[in-house]
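Chain letters run A, B, ... following the sequence lines, proteins first, then strands; residues in each count from 1.
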There are 2 protein chains.
Amino acid sequence: MQSTDRVAFEIDEADVPAGCQACGARRFGICSALKAAELTHFSTVTRRRKIAQGETIYFEDDEVANYANIVAGAVKLTKLLSDGRQQIVGLQFAPEFIGKPFTEKVPVSIEAATDVEVCVFPKTELEKMLRQQPDFEHRLLEQTLVQLDDARTWMVTLGRKTAQEKVASFLLLLADHIGKPSADNPAHSEFMLPLKRADIADFLGLTLETVSRQMTKLRKMGAIDIRKNLEVTVHGTEQLVAISGGE
Amino acid sequence: MQSTDRVAFEIDEADVPAGCQACGARRFGICSALKAAELTHFSTVTRRRKIAQGETIYFEDDEVANYANIVAGAVKLTKLLSDGRQQIVGLQFAPEFIGKPFTEKVPVSIEAATDVEVCVFPKTELEKMLRQQPDFEHRLLEQTLVQLDDARTWMVTLGRKTAQEKVASFLLLLADHIGKPSADNPAHSEFMLPLKRADIADFLGLTLETVSRQMTKLRKMGAIDIRKNLEVTVHGTEQLVAISGGE
DNA sequence: CGCGAAATTGACTATATTCAAAGCTAGTGG
DNA sequence: CCACTAGCTTTGAATATAGTCAATTTCGCG
């Protein structure tokens with residue numbers, strides 16, 4: 001006969017819904033505020049959805065009835081000016097939360113930057129969880145504070161950096177979020193660009209031509225390598241940090 | 001003898017600490033989540049402080065032991081690059097909350113843009129209130145979401161607007177927060193600039209000369225009037241909205 | 001292989017910056 | 001009360017950086 005401890009542990013683990021076990025949000029996202037039993041209940045009202053690159057998930061000022069966690073991929077948050085100029089105001093990667101609680105409308109458009117998989121749940125359900133679980137709201141506040149800090153950090157990049165520094169900052173941001181140590185040299189970092197040049201330009205407040213020129217310059221300086229327009233290798237982040245004008 | 005209702009009402013009102021009665025944070029800030037009795041307790045651990053224009057309240061990455069509500073005046077939140085370039089990432093007016101909960105360090109420098117009066121309270125005390133009062137945390141989350149939205153809206157201005165549009169956007173922001181209808185024409189708006197040209201430049205991602213030139217241009221276009229370098233009159237906001245490139 | 005989309009490169013231009021000088025404004029002291 | 005100063009603002013001329021428009025190349029995919 002097994003010890004109660006052991007049994008309890010196994011039951012607990014078994015209680016974690018299958019779909020949640022491999023999910024980043026379970027461990028690092030808002031779901032980490034939930035206990036297995038609560039998660040089980042929660043998982044009955046969520047559903048997985050795959051979204052193709054380029055699809056818009058919410059339009060700016062849409063009224064929304066759902067929220068979601070990103071399970072895989074990256075989404076871009078954009079804002080438009082009436083004449084069509086566009087600014088990407090944030091990139092979000094797994095396992096971050098999508099949506100703005102307690103308001104009718106989302107103040108940004110949300111679009112799949114890569115193929116994306118999300119875990120969707122109804123607005124009402126989230127708000128119920130928030131009322132029942134103070135921890136859950138706490139977690140949400142923490143994630144919001146991180147996003148606020150990220151936004152403000154990016155404001156410095158937008159307002160005060162040169163084109164070259166902006167591009168270097170962008171590459172460092174990606175290295176940080178989706179970079180993997182390269183096979184041959186662990187000090188290097190490799191990743192696929194989740195955005196095309198026009199989107200990078202919209203994120204950096206530049207034109208796509210300027211982005212392209214600066215990428216070329218960084219390549220010629222030996223700071224990075226780009227293959228097939230989207231496979232990037234960073235040759236040591238220190239050099240890139242120096243070029244980026246720092247934090 | 002008075003009715004119990006009447007008595008209860010008077011006691012309740014009388015319970016609101018004297019210092020809180022005229023405070024904006026009491027009605028619109030985070031303190032509005034508190035009932036009179038809780039407020040009374042809270043007010044025993046707060047203290048008023050006056051801060052002169054130009055004084056720094058927190059330095060970037062300082063560890064802080066206090067939070068505060070702005071009672072009067074305006075503060076600027078700034079971030080620095082290592083070589084000294086500066087970006088103002090936010091302006092806050094009464095009755096907003098200052099400080100970043102649950103973290104050791106503030107990620108921005110906070111400086112009094114005008115003479116400021118704040119209501120200060122210890123970090124530990126706020127965090128205790130947050131645990132005891134879910135409403136309080138909820139309120140804080142809502143304020144943080146508003147700040148996040150403000151930051152993202154400003155990112156569009158920084159990344160995608162021209163100098164002229166930036167200056168117009170800035171004036172509209174002020175008209176919105178501290179503008180008063182002018183005496184002679186209610187469609188006009190008047191206010192004192194809380195920032196000097198160099199600060200406006202740091203807020204808009206421009207140089208102070210460019211800010212000055214654009215102000216002059218707006219004056220010559222008849223959109224605004226400036227007296228003594230800091231008294232501004234907006235001649236109808238529609239024109240300024242049109243110039244600002246919109247939301 | 002060939003087509004369409006995306007990226008690069010080039011030549012020219014526009015916008016905002018830089019550097020420099022002069023003009024205001026408010027506060028101080030004779 | 002006026003002159004003087006210090007700090008800020010305005011204005012000007014020259015320059016640099018990024019933007020625009022256009023041509024060419026590369027890449028992904030049928």
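Remark: C1' of C:dA16 and NZ of B:K217 are 10 Å apart, rounded to the nearest angstrom. Per the geometry, CD1 belonging to B:I200 stands 16 Å off P belonging to C:dA16, to the nearest Å. Note: CZ (B:R219) to P (C:dC24) measures 11 Å, nearest angstrom. In this entry the distance linking CG of B:L158 with C1' of C:dA16 reads 15 Å, nearest Å. B:Q53 places its CD atom 14 Å from the P atom of C:dA26, with the value rounded to the nearest Å. As rounded to whole Å, 14 Å separates atom C1' of C:dT17 from atom CG of B:D202. Between the CD1 atom of B:I226 and the P atom of D:dT11 there is a distance of 10 Å, rounded to whole Å. Taking atom CE of residue B:M215 and atom P of nucleotide C:dG23, one finds them 22 Å apart after rounding to whole Å.
Residues A:I88 and A:D199 approach most closely at CD1-O, 3.3 Å, considering heavy atoms. Shortest non-hydrogen contact noted between B:R152 and A:V89 is O-CG1, 3.5 Å.
In terms of position along DNA chain D, the nucleotide closest to B:T216 lies nearer the 5' end than the nucleotide closest to the other residue of the pair B:T216 and A:K228. Of the two residues contacting DNA chain D, namely A:E209 and B:L208, the nearest-nucleotide position lying further toward the 5' end is that of B:L208. For the pair A:L195 and A:R160, nearest-nucleotide mapping onto DNA chain C gives the more 5' position to A:L195.
Screening B:L91, B:T114, B:V116 for a side-chain contact (heavy atoms from CB on, under 4.5 Å) with B:V75, the sole residue that qualifies is B:V116.
When the side-chain nitrogen and oxygen atoms of A:R197 are compared with OP1 and OP2 of C:dA7, one or more of them lie within a distance under 4.0 Å. A:T210 has no side-chain polar atom (N or O) that falls below the 4.0 Å cut-off from OP1 or OP2 of D:dA18. In this structure, A:T207 does not reach the D:dT20 phosphate: none of its side-chain N or O atoms is under 4.0 Å from OP1 or OP2.
Distances from the side chain of B:N229 to the nucleotides D:dA13, C:dT9, D:dT10 place D:dT10 closest. Nearest nucleotide to the B:K196 side chain, out of D:dT10, D:dC8, D:dG19: D:dC8. Of all nucleotides listed (C:dA16, D:dT10, D:dA18), C:dA16 comes nearest to the side chain of B:Q214.
A donor atom on one side chain and an acceptor atom on the other are not found under 3.5 Å apart for A:S43 and A:T46. Side-chain polar atoms of B:S109 and B:K79 form no donor-acceptor pair below 3.5 angstrom.
Applying the 3.5 Å distance criterion, the base of D:dT20 shares a donor-acceptor pair with the side chain of A:R213.
At a threshold of 4.0 angstrom between heavy atoms, the contacts of A:L206 are confined to the sugar-phosphate backbone, with no base atom among them.
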